[in-house]
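Contents: one structure, followed by commentary.
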Amino acid sequence: MSTYKNGIRIAAAILTISPLTAVMATNGYFSHGYGIKAKAMGGASVAVGQDAFAGANNPAAASWAGNRLEVGADIFNPKRSTERTGGGFDGRADSDMSTFVIPEFGYNRTINNDLAFNLSVYGNGGLNTRYPGGQLNCGAGPATGNLLCGNGILGVDLIQLVIAPTLAYKLNANHSVGVSPLLTYQQFKSYGLQAFDNAPGFPPLTGSPGNVTNNGYDRSTGVGVRLGYLGKLSDQVKIGASYSPKTNMKKFEKYSGLFAGQGGFDIPANFTVGMSLQATPDVLLALDYQRIKYSGVASVGNPSTNQAPLGSTNGPGFGWSDIGVVKLGVQWKFDPKLTVMAGYNKGQNPIQSRDVTFNILAPGVVTTHLTLGGTYALSTNTEVTATYMHARNNTVTGSSLFNGLVGPGAGGNESIRLKQNSLGVQFGWRY
């Protein structure tokens, strides 16, 4: 019990003193997995239920996880770059924000034979970039503009933090259901976007000038829900499913002239279905399919080419398409203390060439993730898990919006690139 109490104190300290940090884009701006064990298996988790992250993966899994506490963190290293060639505004830059520490927390408690409680804390993000200023001649003298022809440093920062208290109920010995209210907080800021704020020399682009850029952080809250099911078809096979409808968030009033819908930035609907197979006593296989409905959020899904003012109901967005993600994971119990895990995560790229200019701010274009990890039992009731993830470099190229805003040939073509690595560690206690 003393180990458990110490774990609670450690978790509370991490969540209290850690600044909010963004999870960079992996499957769009959703993480490839939640909880270090799920990440080690490429995110495949909806039919596994082996840790205390039921609120993030499948609420029904809380019925089977037992009494557990998990505290972990990822060191995340995305590399983002952009380039414009063939026009009058040529330039290249790398985002200089490249290392993030991302804490995670999960707690699971069996109340009785049928009912369990879970608390998961996790995050999303990915609209997080910081490019240097003073690179381009955008009509205001030599090399005074940033890559989007604004003043000074260019970038955005979006963070979503979700607290998911969960109740799970066993319908019988083989089937359970669960529900997780999603208490969601997000914050956002942009800077260096003066060219889109009805600046001199550019056409009027926003219907709410002064609410586009350089207004510091704005904050937003909302309440959503995640529903889950987990079933044991046999001693070897489990199936699982989870679903979360769109979470309506309070609007970012300071950026009502940037995001479509007068500052709206809801969290898209998403669902996951999957199965796990205990192929041998020592080998477990897991396969998930996830669908994320980015097009259902106007500020994310509206094409950047929409002929309407920024911030209006049908205003330009990032143009992200709905994506499907396949997650395949395997774990092998090497010996009584060591379990080795690996995973493959293949998602679609939500960004089309049509929308490259806006997505200089949010180049979430990676599609392929490779993962490797393992869990080592420190004692009967304590363990440590570590994982490594590599997302292969991907590039999207398209015609610059400046060709239409300023004149033919002004922008030429643009490319956005992203690759990333992460290293995570999680401590787990059974009590």
Side-chain angles (χ1 to χ4, degrees), residues 3-4 7 31-54 56-58 60-74 104 106-110 116 118 120 168 170 173-174 176 228 230-240 272 274-289 326-345 369-390 422-431:
T3 300
Y4 160 68
S31 176
H32 72 285
Y34 297 97
I36 299 300
K37 287 185 178 180
K39 290 179 179 180
M41 296 180 66
S45 58
V46 76
V48 178
Q50 60 185 347
D51 59 19
F53 285 93
N57 296 315
N58 182 356
S63 292
W64 312 96
N67 296 332
R68 298 186 60 91
L69 173 70
E70 324 280 348
V71 179
D74 251 345
E104 293 181 318
Y107 168 76
N108 205 81
R109 177 82 179 185
T110 300
N118 178 276
S120 303
K170 287 184 181 178
N174 295 314
S176 66
L230 184 62
K232 295 182 177 180
L233 302 186
S234 70
D235 290 339
Q236 289 76 38
V237 179
K238 296 180 185 177
I239 58 173
T272 305
M275 65 176 295
S276 64
L277 171 65
Q278 193 72 50
T280 75
D282 296 326
V283 177
L284 174 71
L285 304 175
L287 176 66
D288 286 1
Y289 174 78
V326 175
K327 306 177 181 183
L328 176 64
V330 58
Q331 61 177 239
W332 171 39
K333 190 172 183 180
F334 180 77
D335 62 32
K337 286 194 171 184
L338 178 63
T339 300
V340 179
M341 293 170 277
Y344 174 77
N345 177 301
H369 309 73
L370 305 173
T371 64
L372 183 66
T375 296
Y376 185 79
L378 300 173
S379 69
T380 303
N381 297 318
T382 60
E383 63 185 27
V384 60
T385 301
T387 185
Y388 168 74
M389 182 274 291
H390 172 69
S422 69
L423 182 64
V425 177
Q426 173 181 291
F427 291 91
W429 293 266
R430 288 185 292 270
Y431 60 94

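Under the side chain to side chain donor-acceptor pair (under 3.5 Å) rule, Lys37 has a single partner from Glu383, Glu70, Gln50, which is Glu383. Across Thr371, Asp74, Thr387, a single residue satisfies side chain to side chain donor-acceptor pair (under 3.5 Å) together with Lys39, and that is Asp74.
Phe53 has its side chain out of reach of Arg68: every pair of non-hydrogen atoms, C-beta onward, lies at least 4.5 Å apart. Inter-residue side-chain proximity for Leu370 and Tyr344 is flagged as met; some heavy-atom pair is nearer than 4.5 Å. Between Val46 and Asn57, the closest side-chain pair of non-hydrogen atoms is not below 4.5 Å. At a threshold of 4.5 Å between non-hydrogen side-chain atoms, the residues Ser45 and Asn58 do not count as touching. You'll find the side chain of Leu328 stays beyond 4.5 Å of the side chain of Leu285, heavy atoms only.
In this structure, CZ in Arg430 is found 6.0 Å from CG in Asn381, a value given to the nearest 0.5 Å. The line from CD of Gln236 to OG1 of Thr280 is 10.5 Å long, rounded to the nearest 0.5 Å. His390 contributes atom NE2, which lies 10.0 Å from atom NE2 of His369 (distance to the nearest 0.5 angstrom). Distance check, rounded to the nearest 0.5 Å: CH2 of Trp64 to NZ of Lys232 gives 4.5 Å. The OH atom of Tyr376 sits 8.0 Å away from the CG atom of Leu338 when rounded to the nearest 0.5 Å. Met341 contributes atom CE, which lies 10.5 Å from atom CG of Leu284 (distance to the nearest 0.5 angstrom).
The two residues Gly33 and Ser31 make their nearest non-hydrogen contact at O-OG, 2.7 Å. Asp288 and Ala47 get closest at one heavy-atom pair: OD1-N, 4.5 Å. The two residues Ser120 and Ala54 come nearest to each other via the heavy atoms OG-N, 3.7 Å. Nearest heavy-atom pair across Asp51 and Gln426 is OD2-NE2, 4.5 Å. The two residues Ala62 and Asn118 make their nearest non-hydrogen contact at CB-CB, 3.9 Å. Taking both residues in full, the closest heavy atoms of Ala168 and Ser63 are given as CB-OG, 3.2 Å, listed atom of the first, atom of the second, then distance.
A donor-acceptor distance shorter than 3.5 angstrom exists from the side chain of Ser379 to the backbone of Thr382, with no hydrogens or angles considered. Panel note: side chain Thr375, backbone Thr339; no donor-acceptor pair is recorded below 3.5 Å. Side chain of Asn345 to backbone of Lys327: no donor-acceptor contact under 3.5 angstrom is found.
Sparse packing is recorded around CG of Asp235, with 12 or fewer heavy atoms of other residues, nucleotides or ligands lying under 6.0 Å away.
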*Go through the steps for Asn174 and Leu233 under the test side-chain contact (heavy atoms from CB on, under 4.5 Å), then give the verdict.*
CA-CA 7 Å; Asn174 295 314; Leu233 302 186; over 6 Å; no

*How far apart are the C-alpha atoms of Val71 and Trp429, what are their side-chain angles, what is the distance that settles it, and do they pass the side-chain contact (heavy atoms from CB on, under 4.5 Å) test?*
CA-CA 9 Å; Val71 179; Trp429 293 266; 4.0 Å; yes

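Aromatic ring orientation, Trp332 versus Phe334: perpendicular (interplanar angle above 60°, classes split at 30° and 60°).
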